[in-house]
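So the structure is just underneath, and the comments pick up after that.
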Amino acid sequence: MIEEQLPKFDIPGDFIPGDFITKEILDFYTAYPCKIKSGIFVILTQGELDATINLSQYTVKPDDFVVVAPNSFIQIHEVRGVIRLHFVAFSSTFLKSTNFHAASLDLLPLLIGNPVMHFPPETALICRDFIDVIMRAYIAENKLLDRDSYHSILNFFMQQLTKFYRNNPQLTEKNIARDKAILKDFMGLLLKHYTTEHSVTYYAKALGITLQHFCNTIKKVTGTTALDIISGMIIMDAKAQLKSTNLAIKEIAASLGFTNQAFFNKFFKQHTGMTPQEYRKN
């Protein structure tokens with residue numbers, strides 16, 4: 001079953017390439033945010049979809065390249081037309097074995113801040129054809145791909161993305177406006193620490209700027225407060241766990257840095273209008 005080949009949150013084995021993701025599979029991701037443990041590279045070749053990746057909403061169109069970094073949250077809102085996309089996915093276990101986060105330390109914040117990129121048609125075609133070749137090698141009877149091949153494929157995508165960013169001055173570190181750079185760095189930190197650090201002060205200090213400057217900058221760039229962004233990430237993870245696991249509410253609260261379940265319940269209801277128990281049953 002295709003549904004078994006592509007679980008909601010991680011992939012079996014180390015690596016899967018494919019072009020079998022249909023609207024029906026994407027519908028699995030519509031009801032609530034899903035925390036994706038694997039790393040996924042996608043090129044859309046047909047159709048269109050609206051999705052939230054982490055806390056930002058995107059419209060993905062043909063020739064758009066999408067990077068779902070490990071531990072990102074995604075939710076599909078609408079799929080239009082006959083959807084066709086090509087992807088390669090690496091499991092969380094495989095990425096840990098490659099020390100992916102350390103190796104991509106400079107690139108990762110840019111991937112998180114810009115998960116959807118439009119490729120020129122010729123670049124998109126090369127990307128699609130490359131994935132097609134990988135797919136044929138992956139399913140070959142004589143097993144043309146092994147674990148070393150997966151490392152090479154991952155390195156290829158990371159190298160090409162690095163070139164893409166370097167060739168797009170608006171996306172490179174030195175050309176990002178200072179305010180947007182602060183937001184990008186904040187989001188990178190948030191994805192790493194939101195389960196333990198809920199304080200705006202922590203992130204301002206980690207960025208080496210004053211609390212007032214940090215809060216004013218985030219509000220100016222996003223139109224919302226840093227505290228609301230932190231809360232949004234926590235709520236997104238809570239919703240995913242409530243719907244996708246059988247963990248007790250107390251365990252979910254603890255995993256998100258709440259030592260008191262009553263406080264977690266109050267926090268959740270304040271942001272969603274219902275208790276965690278009510279959300280889980282809905």
Side-chain angles (χ1 to χ4, degrees), residues 6-11 18 21 23 25-45 47-80 83-92 95 100-101 104 107-119 124 127 157-158 161 164-165 168 170-171 176 180-181 183-195 218 221-224 226 228-241 243-244 271:
L6 191 71
K8 289 185 182 180
F9 310 113
D10 209 343
I11 63 168
I21 296 183
K23 182 180 183 301
I25 292 177
L26 293 175
D27 283 344
F28 293 154
Y29 300 84
T30 60
Y32 54 87
C34 299
K35 187 174 185 178
I36 306 300
K37 295 179 181 179
S38 53
I40 309 173
F41 302 93
V42 179
I43 186 76
L44 185 69
T45 57
E48 192 172 291
L49 61 87
D50 294 330
T52 293
I53 303 176
N54 294 319
L55 295 177
S56 298
Q57 188 166 333
Y58 302 89
T59 295
V60 186
K61 300 178 180 180
D63 295 342
D64 281 352
F65 189 80
V66 183
V67 181
V68 181
N71 297 318
S72 292
F73 290 91
I74 67 168
Q75 185 171 8
I76 307 296
H77 302 295
E78 183 180 359
V79 176
R80 294 181 291 278
I83 205 75
R84 180 77 185 277
L85 52 80
H86 294 63
F87 73 92
V88 293
F90 300 87
S91 72
S92 59
L95 293 175
F100 173 79
H101 282 89
S104 61
L107 187 59
L108 199 56
L110 285 169
L111 296 179
I112 293 169
N114 304 274
V116 179
M117 298 163 283
H118 186 72
F119 278 179
C127 183
F157 277 105
M158 296 306 291
L161 287 171
F164 179 83
Y165 282 113
N168 287 267
Q170 292 182 346
L171 297 179
I176 294 177
K180 290 185 178 180
L183 173 63
K184 175 182 67 66
D185 291 341
F186 166 50
M187 293 305 298
L189 284 170
L190 182 61
L191 282 169
K192 293 180 182 177
H193 302 295
Y194 72 90
T195 58
I218 299 302
V221 175
T222 67
T224 190
D228 283 344
I229 293 174
I230 296 168
S231 299
M233 189 65 71
I234 296 168
I235 291 296
M236 193 177 290
D237 196 335
K239 286 181 175 180
Q241 292 196 60
K243 289 292 190 181
S244 65
H271 289 279

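- Taking CZ of Phe73 as the start and CD1 of Ile53 as the end, the distance is 13.0 Å to the nearest 0.5 Å.
- Residues Phe157 and Val67 have side chains not in contact (no heavy-atom distance under 4.5 Å, counting atoms from C-beta outward).
- A heavy-atom distance below 4.5 Å is not found between the side chains of Met233 and His193.
- Atom-to-atom distance recorded for Leu191:CG and Phe186:CZ is 9.5 Å, nearest 0.5 angstrom.
- Listed by chain and number, the residues in a side chain to side chain contact (heavy atoms under 4.5 Å, CB included) with Ser91 are Asp10, Ile11, Asp14, Thr93, Phe94 (sequence neighbours excluded).
- When side chains are defined from C-beta on, Met117 counts as touching Leu161, because their heavy atoms get closer than 4.5 Å.
- The minimum heavy-atom distance linking Ser72 with Asn54 is given by the pair CA-OD1, 3.4 Å.
- Of the inter-residue distances, the one linking Leu44 atom CG with Leu85 atom CG reads 6.0 Å to the nearest 0.5 angstrom.
- Minimum heavy-atom separation, Pro62 to Thr45: CB-O, 4.0 Å.
- Contact of the Asn114 side chain with the Tyr58 side chain is not registered, since no non-hydrogen atoms from C-beta on lie closer than 4.5 Å.
- The salt bridge (charged side-chain N to carboxylate O under 4.0 Å, His left out) analysis of residues 66-80, with sequence neighbours excluded, yields the pairs Glu48-Arg80, Asp50-Arg80, Glu78-Arg80.
- Closest approach of Ile21 and Ile83 over heavy atoms only: O-CG2, 3.8 Å.
- Interatomic distance, Tyr194 OH to Met236 CE, rounded to the nearest 0.5 Å: 9.5 Å.
- Put simply, the side chain of Asp27 does not reach to within 4.5 Å of the side chain of Ile76, judged on heavy atoms.
- Annotation: the span from Asp64 atom CG to Ile43 atom CD1 amounts to 7.0 Å, rounded to 0.5 Å.
- Across all non-hydrogen atoms, the minimal contact from Val60 to Val66 is CG1-CG2, 3.7 Å.
- Of all heavy-atom pairs spanning Cys34 and Ala240, the tightest one is CA-CB, 4.4 Å.
- With rounding to the nearest 0.5 Å, the separation of NZ in Lys35 from NZ in Lys37 is 8.0 Å.
- Dense packing is recorded around NZ of Lys243, with more than 12 heavy atoms of other residues, nucleotides or ligands lying under 6.0 Å away.
- Nearest heavy atom pair, residue Ala89 against residue Ile40, reads CB-CG1, 4.0 Å.
- With contacts defined as side-chain heavy-atom distances shorter than 4.5 Å, the pair Leu55/Ile229 qualifies.
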Residues Tyr29, Ile36; criterion side-chain contact (heavy atoms from CB on, under 4.5 Å); working and verdict: CA-CA 10 Å; Tyr29 300 84; Ile36 306 300; 3.9 Å; yes
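- For Gln241, the side chain to side chain contact (heavy atoms under 4.5 Å, CB included) partners two or more places apart in sequence, or in a different chain, are Asp237, Thr245, Leu247, Ile252, Ser255, Leu256.
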